[in-house]
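Remarks on the structure that follows.
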Amino acid sequence: MIRSPPFSPPRPPAAEAAAEPELDISALIAKAQEAAVGDPKPAPEPMTAAAPDAPAPAAQPAKAAVQAPAAAAQAAPTIRVDLDRVDRLIDLVGELVINQAMLAQRVTEAGLARASSVAMGLDELEQLTREIQDSVMAIRAQPVKSVFQRMPRLAREVASATGKQVRLITEGEGTEVDKTVIERLADPLTHMIRNAIDHGLEKPEKRKESGKDPEGVVRLSALHRSGRIVIEVADDGAGINRERVKQIAIDKGLIAPDAALTDEETDNLIFAPGFSTASEVSDISGRGVGMDVVKRSIQELGGRISITSRPGLGSTFTMSLPLTLAVLDGMVVSSGEQTLVAPLTAIVETLQPKSVEVHALGGGARVISIRGSYVPLVDVGLSLGYRTEPLEPEEGVALLIEGEGGARAVLLVDAIQGQRQVVIKSLEANYRRVPGIAAATILGDGRVALILDIDALVAASRTTEAPRLMQAAG
Amino acid sequence: MSEPSSAGLGRELISFRIGSQEFCVDIMSVREIRGWTPATALPQAPPFVRGVINLRGAVLPIVDLGARLGLGAAEPTARHVIIVAQVEKQIVGLLVDAVSDILTVSDDMIQPTPDVASEMVRNFVRGLLAIDGRMVSFISLDRVLPESDLEAAA
């Protein structure tokens, strides 16, 4: 970059360049600065006009010409584009990727050798399409800096309100993620920073007692990991007081008094709705919104949040978010003759149900016992009308899912086909809302697969009203 | 040379066959014609909605027009045809047996629909055409998709 005064010309007057043909570029800049300082009104002479007069070697103006755009790059030219246009482009590239995959599959089926020129050409095409996809996605991407920038001030405010000493360290501000994700990240992040300082860090005196620096450290970092953005909020406070968390959960009736929980399960209790560990409600973080709200807003973005905590050393909240909202991580399953996609973020675990674990409850409803607790069983094929007879539990696979507000249910499907990133397509654009279905997508074979609406399915399993509504809509 | 028809400009219609009957729609509403591809069934859909297919990235509902018009459900084969049509702001695929012709007609060639009891006729048929001794029903697509949850629930 040229560190010249703002109004100096990009290169010295032509006469000077002509006088010293061997002048190197930095000397040239120095001269330019001198000229600018010396001459009160430097002539903003355009380059093209100066060049013909200068009998200097051709290399020199060329060098100067390289420098000039570099100076202009300080304010890189930008254009404003309608978001719809970008989204249309992203859509089309998604199709390109699917089409390319289909073509590759057909070539393999046609029995062409890997080394054939067609197969090799296809490989190149694949690389190219991937590159195009990345570039197009990058149009919507923005660095997380805009959100991270607000946090130091927040940290100072919370610290002074709670009488704690905090040093906020941010890392990976340049990490890029979809604009929509950034916009919706601010609230949960604010809440987590507040929590980390208010609940996570100890008071300075207490930190001294335990031999720590009185100034607590909260580390906010972002990085890309396997196609997702991972954001961590780590504090070096006391860690989660598991005894107290458990006691509160028992007091609030969230768990049974004799429940045997692992450390991890205990830590995750803080995400339970209506949970708050602060013994006194402070106006910093105890405002009736708990970590369950944070978890829900992260899930709405298709993300996951987890916590690791070590007593005396601090806690780390890790959020993993998709880079874009146009695609979704899905579990591809089959039910009846149909292929369906379940959002991966909602799935807690998959299990192989046994007949003895499944119990009939009332007319037609079934529950399954998972480690001692009864969870409603939703036969996906049956509730979507893909089959008329209920699936035998042992013939299928069960997905334990967690919907909004922590409501759990088990979805029974025929088989799991695998995990895949899918492009979300609207079903309403040309049709209408379908109960139990969130959206559609297009799989590698070019066929449409439906994405399950987990919350609607869970709700349907809880009330008798919902199935009737679904019937009526049909 | 050809005098502009007093009954309005000539219009182009695309005619197609379902079973033994012939129908036509305004060519301006037709976006493209493509072969049958298996559709993904939709839950809780009315019987005439065969499901959805992928039309270059858009999710396109397929209506079995025969079933919609009360002629009985089709059993689609590779010879069947999907007419991709624009209905207001939505795009819908119409499953028919075969596309037969493009007709250029003037408005005065369209005869008013005779009064018959069939509700299907009242809902869809806008007029009748006599083409080379065959009868072609001119249908409107406005009500081809299930209108809303309201209609379906009623």
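Chain identifiers are assigned alphabetically (A, B, ...) following the order of the sequence lines, protein sequences preceding nucleic acid strands; residue numbering begins at 1 within each chain. None of these values were measured; they are calculated from a predicted model.
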message: Please rank A:Ala429, A:Ser426, A:Gly385 by heavy-atom pairs under 4.5 Å with chain B and give me the top one.
response: A:Ala429
- request: State whether the side chain of A:Asn430 and the backbone N or O of B:Ile91 hold a donor-acceptor pair below 3.5 Å, judged by distance alone.
  value: yes
query: Closest approach of B:Gln90 and A:Glu428, non-hydrogen atoms and distance?
result: NE2-O, 3.5 Å
query: Does CD in B:Gln86 sit with more than 12 non-hydrogen atoms of other residues, nucleotides or ligands closer than 6.0 Å?
result: yes
Heavy-atom contact with chain A under 4.5 Å, split by part of B:Val52: both
query: Is it true that a side-chain atom of A:Arg447 and a backbone atom of B:Ile53 form a donor plus acceptor pair closer than 3.5 Å?
result: no
field: Closest non-hydrogen atom pair, A:Val434 against B:Pro43
entry: CG1-O, 3.6 Å
message: Is it the case that atom CD in A:Glu109 sees more than 12 heavy atoms from other parts of the structure closer than 6.0 Å?
response: yes
query: Between B:Ala41 and A:Gln338, which heavy-atom pair has the shortest distance, and what is it?
result: CB-NE2, 3.4 Å
query: Listed by chain and number, what are the side-chain contact (heavy atoms from CB on, under 4.5 Å) partners of B:Val49, not counting sequence neighbours?
result: A:Tyr431, B:Leu42, B:Ala45, B:Pro46, B:Pro146
message: Check this for me: B:Arg34, atom CZ, are more than 12 non-hydrogen atoms of other residues, nucleotides or ligands nearer than 6.0 Å?
response: yes
